[in-house]
Amino acid sequence: MKMRVINFVKRAAAVLLFAPALTLAADVSVNLDKAPVSTEPAALQHGAKLFVNYCLNCHGASYVRYNQLENIGLSEQMIRDNLLFTGEKVGDLMKISMSRADGTTWFGAAPPDLSVIARSRASGDGSGADWLYTYLRQFYRDAERPTGWNNVIFENVGMPHVLWELQGEQVAKISDDGHGGKHVELTLAKPGKLSVEEYDKAVADLVSFLVWMGEPVAEKRKAIGTVVLIFLAGFFVLAYALKKNYWKDIH
């Protein structure tokens, strides 16, 4: 009996040891574009507007309250007038009415909460912001998908292209990349309301807002960290001078 327990523990330890490596080996490497993330209030406010109008119907941000948007320069009245449409209060969490069961029925999987999506999507290929920036610009028409849309870096995604009116409709030319994979080349077949440059800027603003939601106090944290490092550097100089003064007679 004792030997069986020992063997079980050894097997379990081996599984735990190699599980991360197996997971990494199963991941598919993707080419991500660098996201031009901004902390400027104007960019974050535009991103908040896009998020509420295009994302908040299906995706919640249940760790963020509407009144936290005052930290990006919006007044309480601006939030009421421009971002609240269905009776929410300024102090409410940014939740949605759609249940997980309905989301699973309609899309095949419940749409994830986006509060920390920019942090959770980080990988060896790039930051979470890079992934989101690339993802939102690489939807293309696919008649074989239930929604009529597919995505280059998230193949067979259940989410439709909610920003298609802004970007337009892209079509894909798929070929063999010579390494057992596929090469996808996108072409804009039907222009949207925005030019390519304008759409990229809009996506960058939306991604910047998603990054901000993941850590609304990031700028304050960095500022405090800078002050702490300056204090520690000054304290080190004083402590070293005091040490030299105490030990000078011993040498």
Side-chain angles (χ1 to χ4, degrees), residues 22-38 43 46-47 49-59 98 103-114 117-211 214:
L22 293 173
T23 301
L24 290 174
D27 287 343
V28 178
S29 180
V30 294
N31 295 319
L32 300 180
D33 299 326
K34 184 65 177 178
V37 177
S38 174
H46 184 218
K49 178 181 177 181
L50 291 171
F51 177 78
V52 170
N53 282 279
Y54 291 96
C55 305
L56 199 54
N57 294 318
C58 300
H59 296 278
M98 182 176 65
T104 301
T105 300
W106 296 335
F107 301 109
D113 187 277
L114 299 183
I117 191 67
R119 303 181 65 151
S120 65
R121 278 293 178 180
S123 69
D125 297 309
S127 69
D130 296 340
W131 191 92
L132 291 166
Y133 181 67
T134 307
Y135 168 71
L136 291 171
R137 294 161 50 247
Q138 294 200 354
F139 275 94
Y140 62 91
R141 276 293 185 188
D142 185 349
E144 296 183 3
R145 296 297 300 154
T147 64
W149 297 97
N150 211 327
N151 193 279
V152 174
I153 68 167
F154 195 152
E155 190 174 8
N156 297 332
V157 64
M159 172 181 161
H161 186 20
V162 295
L163 300 174
W164 73 271
E165 289 184 324
L166 302 181
Q167 183 185 29
E169 299 183 21
Q170 296 186 123
V171 294
K173 180 181 179 182
I174 302 175
S175 58
D176 189 346
D177 65 0
H179 301 284
K182 296 186 295 184
H183 174 72
V184 182
E185 182 179 350
L186 299 182
T187 303
L188 186 63
K190 183 178 179 181
K193 295 179 180 179
L194 304 179
S195 67
V196 174
E197 294 76 14
E198 290 171 337
Y199 180 74
D200 287 351
K201 177 60 170 60
V203 171
D205 290 346
L206 175 56
V207 171
S208 295
F209 178 71
L210 293 173
V211 170

Exercise. Please round to the nearest 0.5 Å and tell me the distance separating atom CZ of Phe209 and atom CG of Leu132.
Key: 13.0 Å

Exercise. Indicate yes or no: at least one non-hydrogen side-chain atom of Cys58 is less than 4.5 angstrom from one of Phe107.
Key: yes

Practice problem: Would you give the length of the straight line joining atom CD of Glu185 to atom NZ of Lys173, rounded to the nearest 0.5 angstrom? | Solution: 6.0 Å

Quiz item: Among all residues two or more places apart in sequence or in another chain, which pass the side-chain hydrogen bond (donor to acceptor under 3.5 Å, both in side chains) test with Asn53?
Solution: none

Quiz prompt | Asp33 side chain to Tyr133 backbone, donor-acceptor under 3.5 Å | solution = no

Exercise. Compare all side-chain heavy atoms of Asp125 with those of Trp131 and state whether any distance is below 4.5 angstrom.
Key: no

Practice problem: Provide the closest heavy-atom pair for Val211 versus Ala129 in the form atom of the first, atom of the second, distance. | Solution: CG2-CB, 3.7 Å

Exercise. Tell me, please, which residues at least two apart from His161 pass ring pair (Phe, Tyr, Trp, His ring centres under 6.0 Å).
Key: Phe139, Trp149

Quiz item: What's the spacing between Cys55 SG and Ile117 CD1 if we round to 0.5 Å?
Solution: 11.0 Å

Exercise. Sequence neighbours left out, what pairs pass salt bridge (charged side-chain N to carboxylate O under 4.0 Å, His left out) with at least one residue falling in residues 140-152?
Key: Arg141-Glu169

Quiz prompt | salt bridge (charged side-chain N to carboxylate O under 4.0 Å, His left out) partners of residues 146-160, not counting sequence neighbours, each pair once | solution = Glu155-Lys182

Quiz item: Within the distance-only criterion (no hydrogens, no angle test), does the side chain of Ser208 pair as donor or acceptor with the backbone N or O of Ser38 below 3.5 angstrom?
Solution: yes

Quiz prompt | Residues forming a side-chain hydrogen bond (donor to acceptor under 3.5 Å, both in side chains) with Asn57, sequence neighbours excluded | solution = none

Quiz prompt | For the student: nearest non-hydrogen atoms of Tyr54 and Leu166, plus distance | solution = OH-CD2, 3.7 Å

Quiz item: Which heavy atom in Ala189 sits nearest to a heavy atom in Val171, and how many Å separate them?
Solution: CB-CG1, 3.9 Å

Quiz item: At their closest point, which heavy atom of Ala110 faces which heavy atom of Thr104, and how far apart are they?
Solution: N-OG1, 3.5 Å

Self-check item: Exercise: identify the closest heavy-atom pair between Leu186 and Arg137
Solution: CD1-O, 4.5 Å

Self-check item: Euclidean distance, Glu165 CD relative to Leu194 CG, rounded to 0.5 Å
Solution: 10.5 Å

Quiz item: What pairs with Asp130 under side-chain hydrogen bond (donor to acceptor under 3.5 Å, both in side chains), at least two apart in sequence or on another chain?
Solution: Ser127

Quiz item: Roughly how far, to the nearest 0.5 Å, is the CE atom of Met159 from the CG atom of Asn151?
Solution: 8.5 Å

Self-check item: Over all atoms of both residues, closest heavy-atom pair of Met98 and Pro111
Solution: CE-CG, 3.6 Å

Quiz prompt | Distance in Å, Leu206 CG paired with Tyr199 OH, rounded so as to fall on 0.5 Å steps | solution = 8.5 Å

